[in-house]
Undergrad: 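Before anything else, here's the structure in question.
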Amino acid sequence: MVTYRRGGHVQGGDEAVERGCDLCEWHCVADGYPELVSRYQSHLRAEHPKAWLRV
Amino acid sequence: MKAVVYQGPYDVAVEDVDEPEIEHPNDVVVDITTSCICGSDLHMYEGRTAAEEGIIFGHENMGVVSEVGEAVSTLEEGDRVVMPFNVSCGFCQNCEEGYTGFCTNVNPGFAGGAYGYVAMGPYPGGQAEKLRVPYADHNALKLPEGREHEDAFALLADIFPTGWHGTELANLESGESVAIFGAGPVGLMAAYSAKLKGAAEIYVVDQVPSRLELAEEHCDAHPIDFSEGDPVDQIIEEHGGMVDKGVDAVGYQATDPDDVDTETEDYSYQPAKENPAVVINNLIRVVRPTGELGIPGLYVPEDPGAPDDMAAQGRLGIDFGKFFEKGLKCGTGQCNVKEYNRYLRDMIIEGRADPTWVVSHRVDLEEAPEMYEAFDAREEGVTKVLLEP
Ligand SMILES: [Zn+2]
Ligand SMILES: [Zn+2]
Ligand SMILES: [Zn+2]
């Protein structure tokens, strides 16, 4: 199975996207970019608070 | 909720007002934990602006996000944030180029918006229990959770970045000498920034002994008391010549030093106590040829309380011939807080900077009226007042 945890081509903002964290093994599959962005922020807020301050 | 409301010259009151609400999907509402009183609030307080009664004061705000608009991506309820005093959009030409103090979208027809300030757009201030923050992803700076560094982070809303900006406007570099006029909170933060940047010699000019002492103690500055004689002569004598850079942290409500010999200086104005050009002219004298001036101190295009007709139109008697002859350069304007606030935040977190020595009072919001009176009277020991709702 091909995954895109470091980014990959998607056709639209509401297509399923997968992305991983640079700092740990966390990754998530979301229904689109808006959801991905807020889940990524939530992950950083909880797990990497110092990184969260910078993004 | 409770808020500090302007009632007219020399009069503010803590009143019950409507709570702010989310008005746009990009907004958040913040529960204020700290809001500061600022020297520029005094311009309104003293009736020196077109401020009308009913304005909620407070442009230096921090707190905890309590409501989140549905288009906000990076903030959640419970996030601790500090807001630049500038309200900006993030996507106009000026914002894109980093000049968020001159945003052209948040206050149409004018470049620049702010909370709780006359003519700076429809943004009620945060000397209150709650504040609405527009374009919140852009305008709220994230802070580590908890209560640590509360005072220091509150100063990121305005005076620490604005003081830093004064030294940036003058392009101050390590090893240079600098004269800073004004030891109010912004002048003190400019002196502190000069120290952090490694200036070789720092001169701070004021006439309030306690403020000069702070500059000496925390910024390693040479205190220059202008009530004891011409400040320019004093600096030139102590430094052994003119300085490399200068910062005006006073602005248009400058006091004319009694001891200045007006026969030789021949200022165009003959005001009783104020001379809006005196600081700029002193900087022109004290900075060496080809040096640079930074002017973050506030000047206005209209001043209802000006000492004369020219100053009422924002026109100053600046010694431009001398300025040109010396090949001086000059930077002006309010601080683009977002240019510096995250870096100064990180210096605070890492213990490289701690500007809290400038804070003299942390009081309950209810005490705002007395604190405005004391701060306006430049009472000894009242340098920076933080309000806590
Ligand atoms: Zn992670
Ligand atoms: Zn301020
Ligand atoms: Zn803008």
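Any value given below was found using the heavy atoms of this structure, including those in side chains, with hydrogens, waters and symmetry copies removed. To find a chain, count down the sequence lines: A is the first, B the second, and so on, and within it residues start at 1.
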Undergrad: Which of the residues B:D79, B:V72, B:L75 is involved in the greatest number of heavy-atom pairs with chain A at under 4.5 angstrom?
TA: B:D79
Undergrad: Can you tell which part of A:R54 gets under 4.5 Å to a heavy atom of chain B, answering side chain, backbone, both or neither?
TA: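 For A:R54, heavy atoms of backbone and side chain both lie under 4.5 Å from chain B.
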Undergrad: Ring-plane angle category for B:W164 and B:Y340, please: parallel below 30°, perpendicular beyond 60°, tilted otherwise.
TA: tilted
Undergrad: Classify the ring geometry between B:H59 and B:F85 as parallel (under 30°), tilted (30 to 60°) or perpendicular (over 60°).
TA: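 Ring orientation of B:H59 relative to B:F85: perpendicular.
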Undergrad: Is there a donor-acceptor pair under 3.5 Å between the side chain of B:Y99 and the backbone N or O of B:Q93?
TA: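 Checking the backbone N and O of B:Q93 against the side chain of B:Y99, no donor-acceptor pair under 3.5 Å is found.
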Undergrad: B:K142 and A:V55: which non-hydrogen atoms are nearest, and at how many Å?
TA: NZ-O, 2.5 Å
Undergrad: Please classify the contact between B:L143 and chain A as side chain, backbone, both or neither, with a heavy-atom cut-off of under 4.5 Å.
TA: backbone
